[in-house]
Protein chains: 2
Amino acid sequence: MLDRVLELVVLLNDDMTQAIEALDLTPSRTHLLWELGRRGPVTQRVLADALKVTPRAITGLVDALVTSRLVTREPHPADRRATLVTLTAEGSRLTGKLERDHRTLARALFAEMSWREFASFERGLADVIANLRAHVVSTGGRPGARTATRRAS
Amino acid sequence: MLDRVLELVVLLNDDMTQAIEALDLTPSRTHLLWELGRRGPVTQRVLADALKVTPRAITGLVDALVTSRLVTREPHPADRRATLVTLTAEGSRLTGKLERDHRTLARALFAEMSWREFASFERGLADVIANLRAHVVSTGGRPGARTATRRAS
DNA sequence: TATTGTTATACTCTATAACTATA
DNA sequence: TATAGTTATAGAGTATAACAATA
């Protein structure tokens, strides 16, 4: 069963390799696209809350995605301070694929998993726990933070 | 059951908060300490392979941990090119605690988990899968890589 | 020749702080 | 006054490339 999941991961990965190279995707940029795909056009403030990141970080991520022609900044119809980050046609195609792949993977992971199979999966999950541990230790338990908070000067 | 795990995480987290602040711990530095605790004194080359990172990155991490007095660089007895990264007494105390806490958490997660409980845990794991997905997409499936590889100039 | 670890340089991601435009 | 998003600045983590010392 684990074999099947790994095989699937490799397949999905092969599918996406081209997009990564051509579109300069990174984990954070992909995460932003993911949220955008589920929420539709939203302000950068909403994205900042969704990614649990400061508005400043969103500015940089959106800049990069605009350059890759995956999103655009549109004026907010009611609030002239705000901008609506919107998927382009290509961005929309990509997030659609992301969601379909995500569902496929989730089904493979859980749909056919028995208790016995899960027990054999336990060893593989040890790494996940180790990561959780490191995370809790070094970020004060806040899952959104990837870098340590420096002391304010 | 999930409540018990979360409670435990909070407890361990409280235990470690002081160390984080005082010793300038970060996820990568904690990971290095973790490997060092399991392997004993090793060369930076070995650590680079263990963390799946270039030797250059190890230089910076070890520099920081030396400053925090958690490790020292000792001359390799047989190879004058290499240095042995070694835990200090305080570093050893810390990694000992890390390992004990890790075991405690792993036991809480798995020892009493039934299939039914796992099913209810599935929703929580959706985030893990989403992260896996983002990771596969943006790093070409190499779990060790956290930043995207830039095109060589 | 090959390997260990360094310096030099550059990129991503994140943070805080100060600021502008708007509400 | 408060909020949305920007520029300025800084730090952590990583990479490639060139290099010195040693194997």
Side-chain angles (χ1 to χ4, degrees), chain A residues 20 23-32 41-68 71 73-85 134-135 138-140 142-153, chain B residues 20 23-32 41-68 71 73-85 134-135 138-140 142-153:
Chain A
I20 301 163
L23 301 173
D24 255 348
L25 285 183
T26 63
S28 292
R29 291 169 197 167
T30 307
H31 187 187
L32 195 155
V42 288
T43 64
Q44 298 190 185
R45 176 74 243 176
V46 170
L47 289 171
D49 293 337
L51 304 203
K52 292 187 176 58
V53 136
T54 59
R56 176 61 185 93
I58 300 296
T59 299
L61 296 175
V62 171
D63 285 350
L65 291 169
V66 166
T67 300
S68 299
V71 308
R73 272 188 252 243
E74 305 292 340
H76 192 291
D79 186 342
R80 284 198 288 172
R81 296 171 305 179
T83 62
L84 283 179
V85 183
H135 217 101
S138 49
T139 67
R142 194 157 48 89
R146 279 206 186 146
T147 52
T149 309
R150 313 314 305 152
R151 282 178 288 281
S153 58
Chain B
I20 300 163
L23 301 173
D24 255 346
L25 285 183
T26 63
S28 292
R29 291 170 197 166
T30 307
H31 188 187
L32 195 155
V42 288
T43 64
Q44 297 190 186
R45 176 75 242 175
V46 169
L47 289 172
D49 293 338
L51 304 203
K52 292 186 176 60
V53 135
T54 59
R56 175 61 184 92
I58 301 296
T59 298
L61 297 175
V62 171
D63 284 351
L65 290 170
V66 166
T67 300
S68 299
V71 308
R73 273 189 252 246
E74 305 292 338
H76 192 291
D79 186 341
R80 283 197 289 173
R81 296 171 306 178
T83 63
L84 283 179
V85 184
H135 216 103
S138 49
T139 66
R142 194 157 48 89
R146 276 201 187 150
T147 52
T149 308
R150 314 313 306 150
R151 282 181 287 280
S153 58

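Here the structure is a predicted model, which is why all the values come from computation and not from measurement.
Sorted by first and then second residue, the pairs that involve residues 56-68 of chain B and meet salt bridge (Lys or Arg N to Asp or Glu O under 4.0 Å), not counting sequence neighbours, are B/Asp63-B/Arg73.
The distance from atom NZ of B/Lys52 to atom P of D/dA15 is 12 Å, rounded to the nearest whole Å. Counting to the nearest Å, the P atom of D/dA4 and the CG atom of A/Leu47 are 12 Å from each other. If you measure from atom CG of A/Leu32 to atom C1' of C/dC13, you get 13 Å, rounded to the nearest angstrom. A/Arg45 has its CZ atom 13 Å from the P atom of D/dT6, to the nearest Å. If you take CG of B/Leu51 and C1' of D/dA12, they are 15 Å apart, rounded to a whole angstrom. What separates CG of A/Leu61 from P of D/dT6 is a distance of 11 Å, to the nearest Å. Between A/Asp49 atom CG and D/dG5 atom C1' there is a gap of 13 Å when expressed in whole angstrom units.
For B/Thr43, the side-chain atoms get nearest to C/dG5 when compared with the rest of C/dG5, C/dT12, D/dG13. Across D/dA4, D/dG13, C/dT12, the shortest atom-to-atom separation from the side chain of B/Ser28 is found for D/dG13.
Using a 4.0 Å cut-off, some side-chain N or O of B/Thr54 falls inside it from OP1 or OP2 of D/dA15.
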Kindly give the atom pairs (protein nitrogen or oxygen, nucleotide nitrogen or oxygen) under 3.5 Å for nucleotides 6-9 of chain C.
{"from": "C/dT6", "atom 1": "OP1", "to": "B/Arg73", "atom 2": "NH1", "distance (Å)": "3.0"}
{"from": "C/dT6", "atom 1": "OP2", "to": "B/Gln44", "atom 2": "NE2", "distance (Å)": "2.9"}
{"from": "C/dT6", "atom 1": "OP2", "to": "B/Thr59", "atom 2": "OG1", "distance (Å)": "2.5"}
{"from": "C/dT7", "atom 1": "O4", "to": "B/Arg56", "atom 2": "NE", "distance (Å)": "3.4"}
{"from": "C/dA8", "atom 1": "N6", "to": "B/Arg56", "atom 2": "NE", "distance (Å)": "3.4"}

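Side chain of B/Arg29 to backbone of B/Asp24: a donor-acceptor contact under 3.5 angstrom is found.
Here the shortest heavy-atom pairing between A/Pro55 and A/Arg45 reads CG-NH1, 3.5 Å. Residues B/Val62 and B/Val85 share a closest heavy-atom pair of CG2-CG2, 4.1 Å. Closest non-hydrogen pair, A/Ser28 versus A/Leu61, comes out as CB-CD2, 3.7 Å.
B/Thr59 contributes atom OG1, which lies 5.0 Å from atom CD of B/Gln44 (distance to the nearest 0.5 angstrom). How far CG of B/Leu25 is from CG of B/Leu65: 7.5 Å, rounded to the nearest 0.5 Å. The OG1 atom of B/Thr67 lies 11.5 Å from the CG atom of B/Leu23; values are rounded to the nearest 0.5 Å.
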**Full working for side-chain contact (heavy atoms from CB on, under 4.5 Å) between A/Leu84 and A/Thr43** = CA-CA 5 Å; A/Leu84 283 179; A/Thr43 64; 4.0 Å; yes
**Complete:** Once base and sugar-phosphate atoms are separated, protein heavy atoms under 4.0 Å mark nucleotides 18-23 of chain D, 5' to 3', with B, S and - as ---BBS
